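All values reported here derive from a predicted model rather than from experimental measurement. We count ligands from 1, going down the list as the structure has it; atoms in each ligand are counted the same way.
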Amino acid sequence: METKLYNNEIAFELSTKKIEEERQGETLAVERPASVQSNGKKFYIESYGCQMNFADSEVVASILANAGFDSTTQYTDADLILINTCAIRDNAEQRVRNRLQGFNIVKKNKKGALVGVLGCMAERLKEKFLEEEKIVDIVVGPDAYRSLPALVEEAETGQKAVNVLLSREETYAEINPVRLNSNGITAFISIMRGCDNMCAFCVVPFTRGRERSRDYRSIIEEAQDLYNRGYREVTLLGQNVDSYRFSDDKTLVGKRLVEAKYEEGVVNFARLLEMVAQIAPDLRVRFSTSHPKDMTDDVLYTMAKYNNICKYIHLPLQSGNSRVLEMMNRTYDREWYKNRIDAIKQIVPDAAISTDIIVGFCSETEDELRDTMTMMEYAKYTMAYMFIYSERPGTLAAKKYKDDIAEEEKKRRLNEVIQLHRIQSLESNKADVGKAFEVLIEGTSARDENYFFGRNSQNKVIVFPKQSQQPGQYVQVKVTDCTSGTLIGEAV
Ligand code: 5AD
Ligand code: SF4
């Protein structure tokens with residue numbers, strides 16, 4: 001399976017190496033359960049976009065395997081080619097369209113081969129996709145994956161098949177995802193779906209629908225099962241994990257008393273995090289994404305309490321200027337964000353913080369960009385994902401504001417923030433030289449087969465010469481050198 005993570009962005013050059021190292025695990029064929037008879041057909045799936053999409057592809061693989069499909073890692077070999085798409089920026093969509101052209105050869109050479117588009121772009125374009133891209137036979141939105149086997153049957157009769165219904169309940173809770181491209185050590189667990197925030201620039205609330213939380217019992221079960229199978233790190237995924245809220249009593253879920261940790265009958269994020277951390281002291285727990293408006297001190301105290309909850313918080317800033325934040329409808333201002341950074345530094349002093357930044361949002365001035373950069377200096381991000389604003393049809397910003405910063409100017413601004421981030425991440429890495437960290441070994445370095453790579457609790461990638469250790473083990477590594485993207489060390 002080919003994997004791509006937003007790497008069409010210039011900004012992502014900074015982290016591509018990291019992603020390659022994270023994603024270099026063996027490509028595993030998907031196992032069809034022994035009890036399920038093969039239907040003689042093979043599927044191929046390729047994923048783009050966020051971690052959530054990669055997690056969704058694993059749910060899709062599980063649904064298809066249970067319906068009798070076998071998998072293939074060569075699309076030329078497939079009867080069913082699936083592409084799980086991202087709609088967050090225009091260039092993510094262009095990339096998918098180009099890729100679809102490549103699939104044309106299979107359609108020409110293999111009679112009856114079907115092409116299906118899944119995910120956010122499917123949801124955004126719906127039936128229009130079929131008109132725009134003749135090669136597409138099936139269009140399925142993020143909440144309709146259970147209907148995929150039926151849609152394939154429908155498409156086999158020569159009709160075009162579409163299901164883009166969004167749901168208020170679907171969490172795929174009891175579907176045990178098939179781990180694709182897995183290193184057998186780290187895995188994602190999706191804990192909720194959708195998003196109820198209405199950030200003005202963002203298409204996600206339209207493509208992934210309303211926010212809903214998955215039953216905590218199925219989350220714990222999945223994490224426990226991964227641990228039993230040798231996995232040593234889970235990342236809990238949601239668009240806004242801080243608003244996770246599950247109760248058997250549905251009347252309690254609507255109320256947002258997120259401050260109360262042990263609120264009667266309700267499991268909130270701090271509680272969920274604690275329950276996952278209690279599975280085993282050597283199971284690392286990560287989570288993403290936190291929202292500055294919802295991140296409670298409770299979550300921070302839980303992080304501080306458990307050694308196996310990794311000291312790393314992804315806290316998107318978007319902009320450091322209060323006027324721009326207001327236009328973005330982020331519902332916090334510069335002071336509030338600063339206060340959250342202060343809380344992290346006070347309660348979890350060894351935490352690393354990463355962020356998302358958008359430059360060139362409608363009417364952003366040079367001075368307002370400076371506010372973003374001074375906030376970067378204040379927060380000292382160890383990692384930043386930096387983007388040029390891309391207007392998305394149907395969003396609040398597209399309706400209300402003019403996309404008035406010239407493309408060249410946006411690029412210049414992006415380069416400025418990238419330069420600043422590069423300097424900062426090098427500084428942060430240099431400050432780690434001489435320190436020793438506990439590292440979970442994830443596999444062999446993509447650069448040098450004599451080196452292992454793994455990450456410390458702060459999510460920094462560390463490479464070090466192999467000795468007798470094995471992937472999945474924890475080792476103490478002393479950092480001896482670094483680049484702006486990687487720490488280099490030796491086991492002690
Ligand atoms: N243009 C540019 N970046 C965007 N993001 C979301 N929507 C847009 C857009 N329209 C960025 C935000 C978000 C990350 C996942 O993608 O920074 O946090
Ligand atoms: Fe988009 Fe905002 Fe929801 Fe994140 S929190 S998915 S940026 S609307």
Identify, by atom number and element, the atoms of ligand 2 in contact range of [X], meaning under 4.0 Å from any of its heavy atoms.
{"X": "Gln239", "answer": "6 (S)"}
{"X": "Arg330", "answer": "2 (Fe), 7 (S)"}
{"X": "Pro205", "answer": "8 (S)"}

Review point. Taking the six-membered ring where the residue is Trp, are the ring centres of Phe188 and Phe54 under 6.0 Å apart?
Key: no
Check your understanding: Out of Arg422, Lys410, Arg370, which residue meets the salt bridge (charged side-chain N to carboxylate O under 4.0 Å, His left out) rule with Glu416?
Key ->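 Exactly one pass, corresponding to Arg370.
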[X] with [Y]: basic N within carboxylate O range, under 4.0 Å:
{"X": "Lys128", "Y": "Glu131", "answer": "no"}
{"X": "Arg208", "Y": "Glu170", "answer": "no"}
{"X": "Asp90", "Y": "Arg95", "answer": "no"}
{"X": "Glu366", "Y": "Arg412", "answer": "yes"}

**Study point:** Asn84 side chain to Asp56 side chain, donor-acceptor N/O pair below 3.5 angstrom
**Key:** no
Review point. Is there a donor in the side chain of Lys402 and an acceptor in the side chain of Ser363, or the other way round, less than 3.5 Å apart?
Key: no
Review point. What protein heavy atom is closest to atom 2 (Fe) of ligand 2, reported as residue, atom name and distance in Å?
Key: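 Ranking protein heavy atoms by distance from atom 2 (Fe) of ligand 2, first comes Cys199 SG, 2.4 Å.
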Practice item. Please report which non-hydrogen protein atom sits nearest to atom 5 (S) of ligand 2, along with the residue it belongs to and the distance in Å to one decimal place. Key: Asn197 ND2, 3.5 Å
Output yes when the distance from some N or O of ligand 1 to some N or O of [X] is under 3.5 Å, and no in every other case.
{"X": "Tyr389", "value": "no"}
{"X": "Glu391", "value": "no"}
{"X": "Ser390", "value": "yes"}
{"X": "Ile358", "value": "no"}

In terms of atom number and element, which parts of ligand 1 are under 4.0 angstrom from non-hydrogen atoms of [X]?
{"X": "Ile388", "answer": "1 (N), 2 (C)"}
{"X": "Gln318", "answer": "12 (C), 13 (C), 17 (O), 18 (O)"}
{"X": "Arg89", "answer": "1 (N), 2 (C), 3 (N), 4 (C), 5 (N), 11 (C), 16 (O)"}

Check your understanding: Do you see an N/O/S atom of Cys202, backbone or side chain, under 2.8 Å from atom 1 (Fe) of ligand 2?
Key ->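 True for Cys202.
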Review point. Does Cys195 bring an N, O or S atom to under 2.8 Å of atom 3 (Fe) of ligand 2?
Key: yes
**Study point:** ring-ring contact (aromatic ring centres under 6.0 Å, His included) partner of His314, the single match among Tyr385, Tyr381, Phe287
**Key:** Tyr385
Review point. Would a 4.5 Å heavy-atom cut-off, applied to side chains only, mark Leu118 and Ile138 as touching?
Key: no
Point to revise | Structural part of Val204 in contact with ligand 2, heavy atom criterion under 4.0 angstrom | key: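 Side chain only.
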Review point. Looking only at heavy atoms, is any part of Phe387 under 4.0 Å from ligand 1, and if so is it the side chain, the backbone, or both, or is it neither?
Key: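 Looking at Phe387 and ligand 1, just side chain atoms fall under 4.0 Å.
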